[in-house]
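The first residue in the sequence is number 1, and the count goes up from there.
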Amino acid sequence: MTVYFIGAGPGAPDLITVRGLKLIERCPVCLYAGSLVPEEIVHAAPTDALVKDTAPMHLDEIIADMKTAHEAGQDVARVHSGDPAIYGAVAEQMRRLDALGINYEVVPGVPAFAGAAAKLATELTLPEIAQTVIITRTGMKASSMPEFEQLEILGQSRATLAIHLSIRNLDYVRRSLERYYGADCPVVIAYRATWPDELYIRTTLEGMKEEVRKHKITRTALILVGKVFGENNFRDSDLYNAEYSHVLRNVGKKKKAKAAG
């Protein structure tokens, strides 16, 4: 048997990958993160499958269910939100499975920041504006940050930031970034991106706390920070520049061939 760690995507049921959905449809055991995985995805499990919401369960209980499935020779669809590689808490599960000799595979999913960018119709990397996207979070009670990943350090890059799990830490976010990005830097608060009740608030570092308080948002929100969210005055990429040559479009040779003919 195999345990499949499946990224269900950011919220919209049809954003799961074809591979992930097909696995859910055939696995006799489905363990899913109920607070963040859409019910429609779980409903795709076989009618006789064991389907369990792991939100109220602790790690030992989850691994015990996987071990039971292993002993019965049953594949497990372990369904997480977004992409398992980003704040998925899958590494500790895989470590336990390694110790038990249980096979597993990872099926990637659409991460929340990508889902939000798509709904905003915004490119996160614009020529000469930002060419780097940093996915991070801030330290809270349950989890601290490594010394050199503090927002004060990452902010020096002026890159596009996708800040997870930090909607209750807005004072710190502003204080850490304002010196590098400016108080008027565009910010988008993406609440439950791609879900039916999604909300996108366009604001600034200076105004974001007031806006979040106004809309009473306390969880399940992503903070997107960067010039790309308010910049239209950027130069075109050279990728489709008629005068720019690359391996798939050699302008110089084509011009010479045309002149010779």
Side-chain angles (χ1 to χ4, degrees), residues 6-17 20-21 33 35-41 79-90 107-127 129-138 140 149 151 154-155 157-170 172-174 176-177 181 184-232 234:
I6 301 169
D14 59 351
L15 285 181
I16 190 171
T17 65
L21 184 58
S35 60
L36 297 171
V37 173
E39 288 186 6
E40 293 91 332
I41 289 178
V79 190
H80 286 264
S81 63
D83 181 273
I86 303 174
Y87 306 123
V90 298
V107 180
V110 177
F113 75 88
K119 295 304 291 279
L120 293 165
T122 298
E123 189 171 348
L124 301 181
T125 54
L126 295 176
I129 304 299
Q131 292 293 289
T132 302
V133 180
I134 296 177
I135 303 162
T136 189
R137 61 172 295 174
T138 60
M140 301 291 281
E149 293 183 20
L151 209 53
L154 299 181
S157 67
R158 277 81 165 180
T160 301
L161 300 177
I163 308 173
H164 292 250
L165 306 169
S166 302
I167 200 64
R168 297 187 182 184
N169 219 1
L170 292 177
Y172 169 70
V173 172
R174 177 182 175 181
S176 301
L177 299 180
Y181 290 77
D184 61 346
C185 179
V187 168
V188 176
I189 304 297
Y191 171 74
R192 286 174 61 84
T194 79
W195 287 79
D197 59 345
E198 65 188 345
L199 176 65
Y200 301 92
I201 303 171
R202 289 185 177 271
T203 180
T204 62
L205 275 176
E206 184 177 33
M208 62 182 178
K209 183 178 180 179
E210 181 179 348
E211 288 296 319
V212 166
R213 182 181 298 163
K214 184 189 305 181
H215 289 86
K216 300 180 180 179
I217 297 172
T218 58
R219 63 187 298 272
T220 327
L222 178 65
I223 308 164
L224 299 167
V225 182
K227 300 296 184 182
V228 297
F229 298 106
E231 185 61 71
N232 288 316
F234 57 90

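Pro38 is linked by a side chain to side chain contact (heavy atoms under 4.5 Å, CB included) to Pro13, Glu40, Ile41, Trp195, counting only residues two or more places apart in sequence or in another chain. A search for side chain to side chain contact (heavy atoms under 4.5 Å, CB included) contacts involving Leu21 returns Ile16, Glu25, Ala44, not counting sequence neighbours. Looking at residues two or more places apart in sequence or on another chain, you find a side-chain hydrogen bond (donor to acceptor under 3.5 Å, both in side chains) between Asn169 and Thr138. Here Leu15 pairs with Pro10, Ala12, Thr194 under the side chain to side chain contact (heavy atoms under 4.5 Å, CB included) rule; sequence neighbours left out. Checked against side-chain hydrogen bond (donor to acceptor under 3.5 Å, both in side chains), Arg158 has no partners two or more places apart in sequence or in another chain. Residues passing the ring pair (Phe, Tyr, Trp, His ring centres under 6.0 Å) test with Tyr87, sequence neighbours excluded: His164. For Glu198, the salt bridge (charged side-chain N to carboxylate O under 4.0 Å, His left out) test picks out Lys119, with sequence neighbours left out. Legend: residues meeting side chain to side chain contact (heavy atoms under 4.5 Å, CB included) with Pro111, ordered by chain and number and at least two apart, are Asp83, Ile86, Phe113, Ala114. Contacts of Arg192 classified as salt bridge (charged side-chain N to carboxylate O under 4.0 Å, His left out), with partners at least two apart in sequence or in another chain: Asp197.
Rounding to the nearest 0.5 Å gives a distance of 11.0 Å between OG of Ser176 and OH of Tyr181. Rounding to the nearest 0.5 Å places CD1 of Ile189 at 10.0 Å from CG of Leu199.
Considering only heavy atoms from C-beta on, Val225 comes within 4.5 Å of Cys185 through its side chain.
Counting all heavy atoms, side chain and backbone alike, Pro84 lies closest to Val90 at O-CG2, 3.4 Å. Scanning both residues, Met208 and Val187, for their nearest heavy atoms gives SD-CG1, 4.1 Å. Residues Val110 and Gly115 approach most closely at CG1-N, 4.1 Å, considering heavy atoms. Across all their heavy atoms, Leu151 and Tyr172 have their closest contact at N-OH, 3.3 Å. Shortest non-hydrogen contact noted between Thr132 and Ala159 is O-CB, 3.4 Å.
Test Thr160, Leu154, Ile163 against Ile134 for side chain to side chain contact (heavy atoms under 4.5 Å, CB included) and you get one pass: Leu154.
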Please table the atom pairs, donor to acceptor, closer than 3.5 Å between any side-chain atom in residues 214-224 and protein atoms at least two apart or in another chain.
| unit_1 | atom_1 | unit_2 | atom_2 | d |
| --- | --- | --- | --- | --- |
| Lys214 | NZ | Glu211 | OE2 | 3.1 |
| His215 | ND1 | Glu211 | O | 2.9 |

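In this structure, Glu210 places its CD atom where only 12 or fewer heavy-atom neighbours from other residues, nucleotides or ligands lie under 6.0 Å away.
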For Ile201 and Tyr191: C-alpha separation, side-chain torsions, deciding distance, then whether side-chain contact (heavy atoms from CB on, under 4.5 Å) applies. CA-CA 8 Å; Ile201 303 171; Tyr191 171 74; over 6 Å; no
Step by step, would you call Leu161 with Leu177 a side-chain contact (heavy atoms from CB on, under 4.5 Å)? CA-CA 10 Å; Leu161 300 177; Leu177 299 180; 3.6 Å; yes
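Applying the salt bridge (Lys or Arg N to Asp or Glu O under 4.0 Å) test to residues at least two apart or on different chains, none of the pairs has a partner in residues 107-118.
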